[in-house]
Amino acid sequence: LKMTIAQFFRINGGTTQLRGVTPDISLPTTTDTESFGESSYTNALPWTQIKAAEYTPSENLSGIMPLLIASHEQRISHDKDFQYLLEDINEMNLQRKKNLISLNETERSKERKAHERRAKLREKNSKETANSFQDDGMQSNERKLDADLALEKAKTSAHDILLDEAAHILSDEVSLLKPKLSASR
């Protein structure tokens with residue numbers, strides 16, 4: 001049972017129901033937003049708006065958004081790991097649209113071998129070796145504790161492509177605003 005007992009409203013008066021917060025720069029996702037989340041429910045609360053709070057935006061970013069977007073697009077176009085992520089998302093979306101998986105053992109074996117070849121090639125060409133965790137098919141209670149701890153440590157210290165890109169975008173923003181902030185002091 002899911003029950004909504006309150007709504008959240010942003011400072012501009014709009015709720016986050018159905019729409020969420022629209023990003024200025026979107027990062028790729030593996031989630032199918034049409035199938036998951038509040039907007040996929042037939043009984044979802046409608047988007048509503050109340051009177052906006054009185055506030056003064058600290059900064060208008062519309063002037064630097066084209067520069068931020070251009071820097072982001074240039075950076076990701078040269079980042080192999082980001083391109084691998086986009087390939088994986090595209091493959092996942094194609095599989096989702098296809099909506100079937102072969103039960104033929106030969107076909108599945110061929111698909112798995114192709115996936116393993118691609119993973120090995122990527123590992124050679126990528127700084128992202130820590131993030132290629134293979135499922136060994138065992139439950140955690142079937143593994144030795146030290147192996148489980150090592151796997152968990154590797155996962156928590158793994159490079160996060162999307163988090164890194166978000167940090168780069170923020171760094172770009174700070175760099176672009178820094179001269180303006182220094183002049184206003």
- Query: Does atom CG of Leu163 have more than 12 heavy-atom neighbours, drawn from other residues, nucleotides or ligands, at distances under 6.0 Å?
  - Reply: yes
- Item | Hydrophobic cluster membership, Met65 vs Leu177, 4.5 Å side-chain cutoff | yes
- Query: Does a side chain donor of either Arg118 or His115 reach within less than 3.5 Å of an acceptor in the other side chain?
  - Reply: yes
Show me the side-chain donor-acceptor pairs of residues 17-27 shorter than 3.5 Å, one per line, residues at least two apart or across chains.
unit_1: Gln17; atom_1: OE1; unit_2: Gln7; atom_2: NE2; d: 3.3
unit_1: Gln17; atom_1: OE1; unit_2: Thr15; atom_2: OG1; d: 2.5

- By side-chain contact (heavy atoms from CB on, under 4.5 Å), Asn90 pairs with (sequence neighbours left out) none
- May I ask you to test the Trp47-Thr16 pair for a side-chain heavy-atom distance under 4.5 Å? no
- Message: Distance check, rounded to the nearest 0.5 Å: Arg10 atom CZ versus Gln49 atom CD?
- Response: 10.0 Å
- Does the side chain of Leu67 come within less than 4.5 Å of Asp172's, by heavy atoms? no
- Query: Quick one: does Ser71's side chain have a donor or acceptor within less than 3.5 Å of a partner on Leu68's backbone?
  - Reply: no
- Task: Say whether, by atom type as modelled, one donor and one acceptor occur between the side chain of Gln83 and the main chain of Ile76 under 3.5 angstrom.
- Result: yes
- State whether the side chain of Ser175 and the backbone N or O of Ser171 hold a donor-acceptor pair below 3.5 Å, judged by distance alone. yes
- Note on the structure: Taken in chain and number order and not counting sequence neighbours, the residues that satisfy side-chain hydrogen bond (donor to acceptor under 3.5 Å, both in side chains) with Glu165 are His72, Arg75
- Query: Out of curiosity, does Phe82 fall in the hydrophobic cluster containing Ile89 (side-chain heavy atoms, cut-off under 4.5 Å, transitive links)?
  - Reply: yes
- Query: Is Ile161 close to Tyr84 at the side-chain level, that is, under 4.5 Å between some pair of heavy atoms?
  - Reply: no
- Polar contact flag, side-chain donor to acceptor under 3.5 angstrom, Ser62-Asn60: yes
- Hits for side-chain contact (heavy atoms from CB on, under 4.5 Å) against Ile101, two or more places apart or cross-chain, chain-then-number order -> Gln95, Arg108
- Should the pair Glu87-Lys80 be classified as a salt bridge under the 4.0 Å nitrogen-to-oxygen rule? no
- Item | Partners meeting salt bridge (Lys or Arg N to Asp or Glu O under 4.0 Å) with Lys120 (sequence neighbours left out) | none
- Cationic N near anionic O, under 4.0 Å, Glu91 to Lys98: no
- Item | side-chain hydrogen bond (donor to acceptor under 3.5 Å, both in side chains) involving Asn93 - partner list, sequence neighbours excluded | Arg96
- Item | Spatial distance of atom CG (Leu61) from atom CD (Glu59) [nearest 0.5 Å] | 6.5 Å
